[in-house]
J.: 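One structure, pasted below without further comment.
Per chain, numbering begins at 1; letters A, B, ... match sequence-line order. Computed from a predicted structure; not experimentally measured.
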Amino acid sequence: MNTNTNMMIETKHLTRRYGTRVVVDDVNLQVKKGEIYGFLGPNGAGKTTTIRMLLGLIRPSAGEVLLFGRELSRHRMEVLGKIGSLVESPSYYGHLTGHENLQTIQKLLGLKKNRIDEVLETVRLTKDAHRPVKGYSLGMKQRLGIAAALLRDPEMVILDEPTNGLDPAGIHEVRQLILDMPRQHGITVLVSSHLLSEIDQVATQVGIINGGRLIFQDSIDVLRRESRPRLRVVTERPGAAQMLLRGQGHAAEIEAGALWLEGGAAENIGAINRELVLAGHTVTRIEEVKRSLEDIFLDLTGKDVSL
Amino acid sequence: MSATTLSGLASERVKLTRTWLVWLAILAPVGIYGMNWFNFDLRYEYLFPPGTDVWDVVIRNFHMLSSLALPFGATLLAAMIAGLEHQADAWKQMLALPVSRTRIFFSKWLWVAGLLLLSSVLLVAAMLVLGWQFGFAVEDGWRVAAREGLLPFLATLPLVSIQLWLSCTMRNQATPFAVGLVGALFAPPMAGSMIGKWIPYAYPSMAFPSPKNPFDPEWTAWLGLGVGLVTLIVCALDFARRDVR
């Protein structure tokens with residue numbers, strides 16, 4: 001037994017190789033109870049492979065998965081019983097109605113019949129419950145997938161790219177469902193995405209994976225703090241101005257003909273301006289430049305590709 | 001049967017709603033019945049000269065078609081049942097559930113085998129009805145007809161395991177189809193050679209209860225049942241340890 005009962009997901013040195021290619025490399029995920037954990041990374045970074053290992057769909061080459069503090073490899077049935085999942089594209093039998101689709105799981109797991117109506121209500125598909133799913137929009141299919149994940153009243157839900165390919169309205173609905181899970185049902189959520197903006201709007205914790213390695217894992221606030229604004233100062237003689245400010249203890253750098261001051265400098269804009277003017281500099285521009293989460297993410301992943 | 005196996009069967013039943021599978025199992029024996037009606041009607045004098053064992057002729061004519069229909073049926077039903085999951089992209093959803101994977105394979109196997117059994121039972125009825133229509137005494141024929149229903153069915157069980165395993169583990173159903181069709185067409189002629197008993201695809205053709213059968217049909221049926229169960233276990237265990245796409 002693990003001592004930390006608050007840890008819903010914990011992976012230890014989780015690794016998966018395909019031949020010589022390492023797809024997931026020594027990943028140590030930690031997801032605590034009640035969190036919405038955003039699992040972020042560009043396409044092909046190893047998100048889906050990691051999630052498949054969390055669900056026991058594929059085996060790790062090395063390392064282990066602990067769910068609710070218990071090893072997945074030894075207690076598969078017990079721990080999977082408390083998890084609902086939606087992996088990538090939605091699974092659905094097109095010739096069956098939404099209700100019948102959920103019935104296949106309800107019967108297999110021997111759940112109560114009325115759970116079907118409850119979860120259909122949760123994802124607002126009650127009206128379309130008795131229509132063949134092949135006529136559903138992608139957003140409805142995805143919501144049906146979420147209903148399937150909620151069917152057995154799980155303690156934790158793992159959603160892989162749940163908003164992929166949805167239109168803005170669909171994305172909004174899925175986001176709302178995710179936000180409601182911890183609030184209304186006490187469900188811990190792990191949600192993956194290649195879109196930072198998606199994660200930014202729902203997550204409390206963030207893990208960033210790139211090239212199979214987990215390169216960041218902390219609360220979303222820590223990630224946001226990284227985005228503290230820098231100060232950009234334009235003067236006629238940047239070299240002399242830099243000397244002056246450095247003399248005052250400011251870490252000033254010259255980039256593209258302008259002075260850049262790090263983090264905390266923004267709070268003393270007035271003082272910095274006065275120093276420069278009193279020393280005879282002509283200050284033509286002072287501005288705060290905010291780094292977006294996108295910039296930080298790109299810095300971390302070292303990728304210039306669009307996300 | 002345990003509760004989990006029954007719930008697996010019930011879950012599979014829901015998936016078969018509005019599909020052709022059950023109809024296929026019903027229509028195949030009806031088709032064989034119809035073809036033999038023409039066959040008997042057209043060449044009655046040739047097939048049944050005075051003094052022949054009429055029921056032996058009936059079951060051998062049915063067997064000519066059913067020995068092909070059973071392997072084809074196993075191939076087709078397995079491909080359709082597995083194809084439902086491939087089409088639905090449902091393996092990843094189903095196999096992440098707290099259910100034993102071998103049981104999931106077992107439920108599907110029971111459905112394929114069960115539908116083939118339904119076909120076989122209907123085939124027995126078809127033989128008796130057609131014989132009766134041509135004036136043969138049912139009380140003389142039901143025993144041999146029942147054996148013709150049951151023995152080739154048991155001999156087909158290894159194919160149920162193998163075809164279901166192929167169809168479940170491969171996304172593209174062309175390979176399982178090719179294996180099933182080639183096996184059903186080319187294995188029976190090899191039944192007479194030494195290697196015949198090593199090719200399960202030849203078993204259905206070897207299991208008809210007639211004095212004209214060079215093989216022992218009962219022995220072939222037992223062999224089919226034994227190999228069928230062993231291959232079921234092996235295939236289910238392999239299915240359970242595979243990575244899920």
Side-chain angles (χ1 to χ4, degrees), chain A residues 16 18 48-49 51-61 67 72 75-97 99-111 116 132-134 141 144-149 151-152 154 157-158 160, chain B residues 1-24 79-111 168-169 171 236-245:
Chain A
R16 172 71 203 209
Y18 286 102
T48 298
T49 308
I51 285 178
R52 283 177 182 243
M53 285 193 279
L54 294 181
L55 294 169
L57 291 172
I58 60 179
R59 279 164 219 276
S61 308
L67 298 172
L72 173 64
H75 308 276
R76 176 177 171 271
M77 301 275 261
E78 181 201 326
V79 294
L80 285 184
K82 300 189 228 169
I83 296 182
S85 67
L86 172 68
V87 180
E88 282 184 311
S89 52
S91 305
Y92 62 92
Y93 304 96
H95 65 289
L96 301 182
T97 67
H99 194 274
E100 286 164 343
N101 265 275
L102 295 178
Q103 239 185 348
T104 65
I105 298 173
Q106 174 254 326
K107 290 214 188 280
L108 187 59
L109 298 180
L111 304 171
I116 296 177
V133 174
K134 61 183 168 217
K141 287 171 186 164
L144 182 66
I146 292 175
L151 196 59
R152 72 205 100 136
V157 169
I158 294 179
D160 187 17
Chain B
M1 249 186 282
S2 67
T4 33
T5 304
L6 285 176
S7 49
L9 288 176
S11 170
E12 291 297 320
R13 198 206 63 76
V14 177
K15 295 175 197 170
L16 301 185
T17 315
R18 286 186 289 278
T19 66
W20 275 91
L21 265 93
V22 179
W23 287 109
L24 194 75
M80 285 167 88
I81 281 193
L84 284 175
E85 309 295 350
H86 291 303
Q87 229 174 53
D89 227 334
W91 292 115
K92 57 187 158 77
Q93 188 179 62
M94 184 173 30
L95 299 179
L97 297 174
V99 182
S100 141
R101 289 191 191 175
T102 48
R103 271 192 211 286
I104 286 178
F105 190 85
F106 188 44
S107 319
K108 293 187 183 298
W109 188 92
L110 280 176
W111 264 101
C168 285
T169 54
R171 196 172 185 86
L237 289 177
D238 178 80
F239 173 77
R241 53 154 279 276
R242 269 169 189 266
D243 280 353
V244 182
R245 282 178 37 138

J.: Work out which heavy atom in H95(A) is nearest to a heavy atom in T19(B); give both atom names and the distance.
T.: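 It is NE2-CG2, 3.5 Å.
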J.: Does atom CZ of R13(B) have more than 12 heavy-atom neighbours, drawn from other residues, nucleotides or ligands, at distances under 6.0 Å?
T.: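 Result for CZ/R13(B): open.
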J.: Do you know the tightest heavy-atom contact between L96(A) and K15(B)?
T.: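 It is CD1-CA, 3.9 Å.
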J.: Nearest heavy-atom pair of K92(B) and V87(A): which atoms, and what distance?
T.: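 Between these two residues, the closest heavy atoms are NZ-O, 2.6 Å.
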J.: Which bit of R59(A) comes within less than 4.5 Å of chain B, counting heavy atoms only: side chain, backbone, both or neither?
T.: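 Contact with chain B involves both backbone and side-chain atoms of R59(A).
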J.: Heavy atoms under 4.5 Å from chain A: which residues of residues 80-88 of chain B carry them?
T.: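 Listed by number, the contacting residues are L84(B), E85(B), A88(B).
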J.: Contact part of S107(B) toward chain A, heavy-atom cut-off under 4.5 Å: side chain, backbone, both or neither?
T.: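 Interface part for S107(B): neither.
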J.: Does a sphere of radius 6.0 Å around CZ in R245(B) hold more than 12 heavy atoms from other residues, nucleotides or ligands, not counting ones at 6.0 Å or beyond?
T.: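 No, not enclosed.
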J.: Which value, rounded to the nearest 0.5 Å, describes the distance between L9(B) atom CG and L108(A) atom CG?
T.: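 Interatomic distance, L9(B) CG to L108(A) CG, rounded to 0.5 Å: 10.5 Å.
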J.: Under a 4.5 Å heavy-atom cut-off, does chain B meet the side chain of P132(A), its backbone, both or neither?
T.: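 Contact with chain B involves no heavy atom of P132(A) at all.
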J.: Chain A heavy atoms under 4.5 Å from R242(B): which part of the residue, side chain, backbone, both or neither?
T.: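 It is the backbone, since no side chain atom gets that close.
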J.: Test of understanding: with ring-ring contact (aromatic ring centres under 6.0 Å, His included), list the residues that count as partners of F105(B), not counting sequence neighbours.
T.: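 Scan of F105(B) (ring-ring contact (aromatic ring centres under 6.0 Å, His included), adjacent residues dropped) gives F239(B).
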J.: Between M94(B), R103(B), R241(B), which has the largest tally of heavy atom pairs under 4.5 Å with chain A?
T.: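 Maximum pair count with chain A is reached by R241(B).
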J.: Check whether L109(A) gets within reach of chain B through its side chain, its backbone, both or neither, counting any heavy atom under 4.5 Å.
T.: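 For L109(A), the contact with chain B is made by the side chain alone.
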J.: Count the heavy-atom pairs under 4.5 Å between each of T104(A), V133(A), L55(A), I105(A) and chain B, then report the option with the highest count.
T.: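 Looking at each option in turn, the highest pair count goes to T104(A).
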J.: Name the option with the most non-hydrogen atom pairs under 4.5 Å to chain B; the candidates are L80(A), I158(A), V79(A).
T.: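 Most heavy-atom pairs within the cutoff with chain B belong to L80(A).
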J.: Quick check for you: to the nearest 0.5 Å, what is the distance between Q103(A) atom CD and T17(B) atom OG1?
T.: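 With rounding to 0.5 Å, CD (Q103(A)) is 7.5 Å from OG1 (T17(B)).
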J.: Under 4.5 Å from any heavy atom of chain B, what part of T97(A) do you find: side chain, backbone, both or neither?
T.: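 Both parts, heavy atoms under 4.5 Å.
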J.: So which atom in Q93(B) and which in S91(A) form the shortest heavy-atom distance, rounded to 0.1 Å?
T.: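 Closest approach of Q93(B) to S91(A): CB-OG, 3.6 Å.
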J.: What closest approach, in Å, do A96(B) and R152(A) show between heavy atoms, and which atom pair accounts for it?
T.: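 For A96(B) and R152(A), the tightest heavy-atom pair comes out as O-NH1, 4.2 Å.
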J.: Of all the heavy-atom pairs spanning G81(A) and P98(B), show the shortest one and how long it is.
T.: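 Closest approach of G81(A) to P98(B): CA-CG, 3.5 Å.
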J.: Could you state the interatomic distance from CZ (R76(A)) to CZ (R101(B)), rounded to the nearest 0.5 Å?
T.: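 It comes to 5.0 Å.
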